[in-house]
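Notes follow the structure.
Convention: sequence-line order gives letters A, B, ...; per-chain numbering from 1.
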Protein chains: 2
Amino acid sequence: MPLKDTGTDQLIKAAAKRLLFSEGKLHATTQDIADAAGMNRSALHYYYRTRDQLISQVFQESMTVLSLKLDQAMLSDHPFPKKVDELMDIYLTEMSEFPYEETFMVTEMNRAGHTLISKIKEGPVVSFLAEVAAEMEAGNIEKMNPVHFLINLFSLLSYPIIMSPLYQQFFQLSKNDFGKILAERKELVYRMLFKI
Amino acid sequence: MPLKDTGTDQLIKAAAKRLLFSEGKLHATTQDIADAAGMNRSALHYYYRTRDQLISQVFQESMTVLSLKLDQAMLSDHPFPKKVDELMDIYLTEMSEFPYEETFMVTEMNRAGHTLISKIKEGPVVSFLAEVAAEMEAGNIEKMNPVHFLINLFSLLSYPIIMSPLYQQFFQLSKNDFGKILAERKELVYRMLFKI
DNA sequence: ATTATAGTCAACAATTTTGTTTAATAAAAA
DNA sequence: TTTTTATTAAACAAAATTGTTGACTATAAT
C-alpha cells in the first residue's frame, strides 16, 4: 500500500522467508520475524495488518516464482535430457536455499485448508508429462505412469535435504560429510532416472 | 507416574500422536490435544506437567519403536532382497499411518535443538550398510556410497506421502487417483533400487 | 471404615502472542 | 513553508495459550 517503494516490505518478506523456509522455524512469531528483519513489530503491522496476511503473501509469491521457473524449464526447447538437467538445477538451487519451503506449504495446508494453493493450474506439467511418456515409448526410460518420473525426481532430490538434520544423526555423519553426500546426488539421481 | 495403569496416559499420547503425526497439525495446542483425547485439559497436566514433556515423550517413544522395527528388519537373517522388502513394508506401514512423523521430528529439532534425538546410536545401520556394499560388489546394485542406497529407499517411499496434499494439486489428481499412484510405488521403487 | 490413589472439573493466574492506537520523526512533495 | 507520506516507538488492549490449584468423585487397598 505504500506509495514510495523503499523496499522495507521486501525486507520483511525476505526475513520471514528466511526464518520459515531456510531455518525451518515453522512456529516463528511476529516478534521473531521483526527481530530477524531488524525492526519493530509494528513495522510488520504497518505493511501487513495481520500475521496471516504476511505469511500468505510470502507463501503465494514463493509459490508463483518457483512454479514459474519450473514451467520455464519444462517449456524450454532443449532436448529432453538437457531439460531434465535444467529442471534438477533449478529445483536443487531452490531447495538448497529454502529447504523447508515445501514442508511449510504442506503444514500450512493442514492448518489453514487447501485454499492457499488452489490457484495452481496444471500449465506445462501436462505437456511435460507427455514428453516423458514419449521418452518411455522411445525406450529411454522404463515404462510407467509418467507421473512417477517427476515424483521420483523430486523425491530423490528434495527429501534428503529436508531430512538432513535427522539423517546426519542417523548415519552419524558430520554436517560436512553429509554435505559431501548430498553433493554427489545430482549425478546419481540423473543416472537412476534414465536407467532402463 | 501413576501407580495403577488405567491406560489414560496412553490415550493422551495416542491423541497427540494422531494430531501431530497423522494429521500434520504441528501447531496443535494442549487444548487441541485434550479435545482429541476427549478429556479436560487438566488431565494432560495430571500426567505431563508441561506440554513439552508430553511432546517429547511422544517423540521419544515413536522414535524408539520405529527404529526398533527397522533394526529388527536390518538384523533379520533373510537374504538381502527379502530384507529390503521387509524394510520397505515396515517403513511404508509407519509412514502411511503417520505421514508427518519425520516432518515433525525435523521441525522439532529446528525449534528445540538437536538434543531430542541425541540418543540415537548407529546400531545395525552400520552392518546393514556393509551388506549393501557387499551386494554392490556382487554386482546386484550399482556401485555408490552405500548410504545413498538407504537415502534413495527412504526418499522414494516417504516424500510422495508427505507431500501428498501438495502433489494432488500439482498433478490435478483426486485423492483417490493419487492414492492409486502411491500404491504402485512399492514395486516400482524396489525395481529402481536394484537396477544395474 | 479409613486411607491412599486415580481421575475429573472449574476457576484462576501468568505468560505469550497478536493486533491497535497514538504520538513522534524525518524526508519528500506541493 | 506547509503538507503529505513513510517509518518508528511505546503503550495498550484483547486474545490465546499455558500452567496451577483446590475441591470433588470413585475406587481399590489397608
Side-chain angles (χ1 to χ4, degrees), chain A residues 1-21 23-61 100 104 107-108 110-113 115-116, chain B residues 1-21 23-61 100 104 107-108 110-113 115-116:
Chain A
M1 283 291 182
L3 301 188
K4 306 176 209 168
D5 185 9
T6 53
T8 307
D9 59 332
Q10 298 296 328
L11 218 99
I12 295 172
K13 279 187 288 185
K17 195 174 177 184
R18 200 175 68 245
L19 268 183
L20 298 172
F21 295 179
E23 299 177 22
K25 302 273 172 61
L26 303 201
H27 308 70
T29 67
T30 54
Q31 186 65 61
D32 294 333
I33 299 172
D35 288 351
M39 63 184 66
N40 196 294
R41 205 165 51 82
S42 45
L44 256 78
H45 287 293
Y46 180 71
Y47 286 98
Y48 308 93
R49 187 137 304 160
T50 70
R51 180 184 189 276
D52 273 358
Q53 271 180 41
L54 167 58
I55 300 291
S56 87
Q57 188 69 25
V58 171
F59 188 102
Q60 296 290 352
E61 287 184 14
Y100 301 102
F104 178 81
T107 57
E108 203 58 19
N110 289 332
R111 207 179 57 91
T115 50
L116 279 167
Chain B
M1 280 292 182
L3 302 189
K4 304 177 209 164
D5 185 6
T6 54
T8 306
D9 59 332
Q10 298 297 328
L11 216 101
I12 295 173
K13 280 186 289 186
K17 196 173 177 185
R18 200 175 67 245
L19 269 183
L20 298 172
F21 295 179
E23 299 177 21
K25 302 273 172 60
L26 303 200
H27 307 71
T29 66
T30 53
Q31 187 65 62
D32 294 333
I33 299 172
D35 288 351
M39 62 185 68
N40 196 295
R41 205 165 50 82
S42 44
L44 255 79
H45 287 293
Y46 181 71
Y47 287 98
Y48 308 94
R49 187 136 304 159
T50 70
R51 179 184 190 275
D52 272 359
Q53 271 180 40
L54 167 58
I55 299 291
S56 87
Q57 189 68 25
V58 171
F59 187 102
Q60 296 290 351
E61 286 183 15
Y100 301 102
F104 178 81
T107 57
E108 202 59 17
N110 290 331
R111 206 179 57 90
T115 50
L116 279 167

Look for any protein N or O under 3.5 Å of an N or O in nucleotides 8-10 of chain D and output each such pair with its distance, or none.
{"residue": "D:dA9", "atom": "N7", "partner": "A:Ser42", "partner atom": "OG", "Å": "3.0"}

Salt bridge (charged side-chain N to carboxylate O under 4.0 Å, His left out) pairs touching residues 24-52 of chain A, sequence neighbours excluded, are A:Glu23-A:Lys25, A:Asp52-A:Arg111
Could you tell me the separation between the CZ atom of B:Arg51 and the C1' atom of D:dT20, rounded to a whole number of Å? 18 Å
Within this structure, what is the NE2-to-P distance between A:His27 and D:dT17, rounded to whole angstrom? 12 Å
To the nearest Å, give me how far apart CG (A:Asp32) and P (C:dT17) are. 7 Å
How close or far is atom C1' of C:dT17 from atom CD1 of A:Ile55, stated in whole angstroms? 13 Å
Look at B:Thr30 and D:dT17 and indicate whether a side-chain polar atom (N or O) is within less than 4.0 Å of OP1 or OP2. no
Any heavy-atom pair between the side chains of B:Ile55 and B:Leu20 that's under 4.5 Å? yes
Are B:Thr50 and B:Leu54 side-chain neighbours, meaning at least one heavy-atom pair lies under 4.5 Å? no
Residues in ring pair (Phe, Tyr, Trp, His ring centres under 6.0 Å) with B:Phe21, at least two apart? B:Phe104
Name the closest nucleotide to the B:His45 side chain, picking from D:dT17, D:dT20, C:dG19. D:dT20
Ignoring hydrogens and geometry beyond distance, is a side-chain donor-acceptor pair present between A:Gln57 and A:Glu61 at under 3.5 Å? yes
Does the side chain of A:Tyr46 come under 3.5 Å of the side chain of A:Asp9 through a donor N or O and an acceptor N or O? no
Quick one: B:Ile12 CD1 to C:dA6 C1', roughly how many Å, whole number? 12 Å
Do the side chain of A:Arg41 and the base of C:dG19 come within less than 3.5 angstrom through a donor-acceptor pair of N or O atoms? yes
Separation of C:dT18 P from A:Asp35 CG (nearest whole Å): 12 Å
Can you measure B:Tyr48 atom OH to D:dT20 atom C1' for me and round it to whole angstrom units? 19 Å
Hey, does the side chain of B:Ser56 reach the backbone of B:Phe59 with a donor-acceptor pair shorter than 3.5 angstrom? no
Taken to the nearest whole Å, CG/B:Leu44 to P/D:dG19 is 10 Å
